[in-house]
There are 2 protein chains.
Amino acid sequence: MATRALMVNVVLFSLRDEALQVLLAPRVERWELPGETVGESEALEEAANRVLATLIRRREAYLEQLYTYGDPARDARQATVSVVYFALVPAGTGLLPGTAVQWAAVASLPSLVGGQADIVAYALRRLRYKLEYSAVGFQLLPQEFTLSELQHTYEIILSERLDKRNFRRRILASSIIEETSLLRTGEGRPARLYRYRPDAVAEVKARRLFP
Amino acid sequence: MATRALMVNVVLFSLRDEALQVLLAPRVERWELPGETVGESEALEEAANRVLATLIRRREAYLEQLYTYGDPARDARQATVSVVYFALVPAGTGLLPGTAVQWAAVASLPSLVGGQADIVAYALRRLRYKLEYSAVGFQLLPQEFTLSELQHTYEIILSERLDKRNFRRRILASSIIEETSLLRTGEGRPARLYRYRPDAVAEVKARRLFP
DNA sequence: AGAATAGTGTCTCTCAGACATTATTTG
DNA sequence: CAAATAATGTCTGAGAGACACTATTCT
């Protein structure tokens, strides 16, 4: 029984130059999501981590399975099944040398190989969505950050201005972050640095639309 | 290049006997999620629909991709990748004759083959979650239903009693359903029948946990 | 002193949640 | 008329959203 080729692809987001960016690999005249074929006895997530390891200088990244694509009619590469993962790394994460991958702002993506623009769009929708009810946003920030930086991150991803006082009230009320004793100095008044509390239970207090 | 066997499995939920039930196929001494191998040039969703077609008398069912499992270490069937779909059919949907599948209440599942109990648990979590912010619950009801039946459906799935007045206020305020001119008679005062409005924009008004 | 950024409090309005009685039908 | 189920309204408290000024540092 001949079966179909299996690969994982990764939609890796990060913040760079005040914009949300995705990492893309060059392909003839186009770009594509980085990916690898899954090994014979390899777990899917293992393969996804292997892809990340070829791209970035980093031990850890937020990684989550996004969706599995496998419609031969839609996919240029006949008969390939692609398990797509969604990954986040903090701003400033370095790329490994020797790879031809490049960051591209999601707001103005280059031309991607068949169907992959939709995949990126879906990943972005998921990121925005998760940002609202989970603590995923901290994965895009360094370990310590100011409230202004945090707010800025949210604003970039949601493409929406947020009110500073309301933002602070709510983020602090959720006790998802804690003060450090450090300040970041720069232009203007120094800002207090905060740290994410992974132990904090990020309870979802969504107001139910339906009962 | 030898690649891994690919199959789809379906977690099919329905309401029966006042309980949420899943459809299971018999396996030696155990039960398993119904599934099929994916064809050479078949789309994944196509394969999932094919599985449904072997099980139930019905043209349409709510179908959504749930998760893809493919960890050889965890999976009994070495080197199989399983794309699991999540499906809902209305109460009373008939099974096709000649299959050995059986309904089982999710609250007291029989013994499932390796790892599949977790898959059902995940599907249930997703169902509960979606119930709160989307209109997925209507997929478990016939086309016309009373508000009491709808409330009952929610209560069964969420395992939680709901207040009748608040339930009605909110469900009606969302204008996700519309009155019909029909009544259902039975014991006690006849109840008005309602119908789901698929055209209604089920806008998610989730209260953000994080700004 | 001026520019830059950080940090803080109040009011209003909406809506979730708690709660009990009346209405209509059948046997 | 008793039993069964359907249908309906009000109050309270929490929190989202709108809004403007003071504080601290650097040059």
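Quick note: numbers below take in every heavy atom, side chains included, and nothing from hydrogens, waters or symmetry partners. Order of the sequence lines sets the chain letters (A, B, ...), proteins ahead of strands, with each chain counted from 1.
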Whole-Å distance separating the [atom1] atom of [X] from the [atom2] atom of [N]:
X	N	atom1	atom2	answer
F167(A)	dG7(C)	CZ	C1'	14 Å
R184(A)	dT24(D)	CZ	C1'	17 Å
R161(B)	dC19(C)	CZ	C1'	14 Å
R189(A)	dT24(D)	CZ	P	6 Å
L147(B)	dT24(C)	CG	C1'	16 Å
H152(B)	dA6(D)	NE2	C1'	15 Å
L183(B)	dA6(D)	CG	C1'	10 Å
F145(A)	dA6(C)	CZ	C1'	16 Å

Shortest side-chain distance from [X], nucleotide among [options]:
X	options	value
P190(A)	dA6(C), dT25(D), dG9(C)	dT25(D)
E187(B)	dA18(D), dT5(D), dA16(C)	dT5(D)
N166(A)	dA6(C), dC19(C), dG9(C)	dG9(C)
R168(B)	dT8(D), dC19(C), dG7(C)	dT8(D)
K164(B)	dG17(D), dT8(C), dA7(D)	dA7(D)

Straight-line distance of L24(B) CG to Q116(B) CD, nearest 0.5 Å: 8.5 Å

Does [X] make a side-chain N or O approach to OP1 or OP2 of [N] shorter than 4.0 Å?
X	N	answer
S148(B)	dA6(D)	yes
R169(B)	dT8(D)	no
R170(A)	dG17(D)	yes

Pairwise 5' ranking along DNA chain D for R165(B) and E149(B), keeping only the more 5' one: E149(B)

Residue closer to the 5' end of DNA chain D, R192(B) versus G188(B) (nearest nucleotide): G188(B)

Between F138(A) and Y62(A), ring centroids under 6.0 Å: no

Distance flag, aromatic centroids of F86(A) and Y67(A), threshold under 6.0 Å: no

Exceeds 12 heavy-atom contacts within 6.0 angstrom, atom CD of E29(B): no

All pairs passing side-chain hydrogen bond (donor to acceptor under 3.5 Å, both in side chains) where residues 136-148 of chain A contributes a residue, at least two apart: S148(A)-R168(A)

Of G186(B) and Y194(A), the one whose closest DNA chain C nucleotide lies more 5': Y194(A)

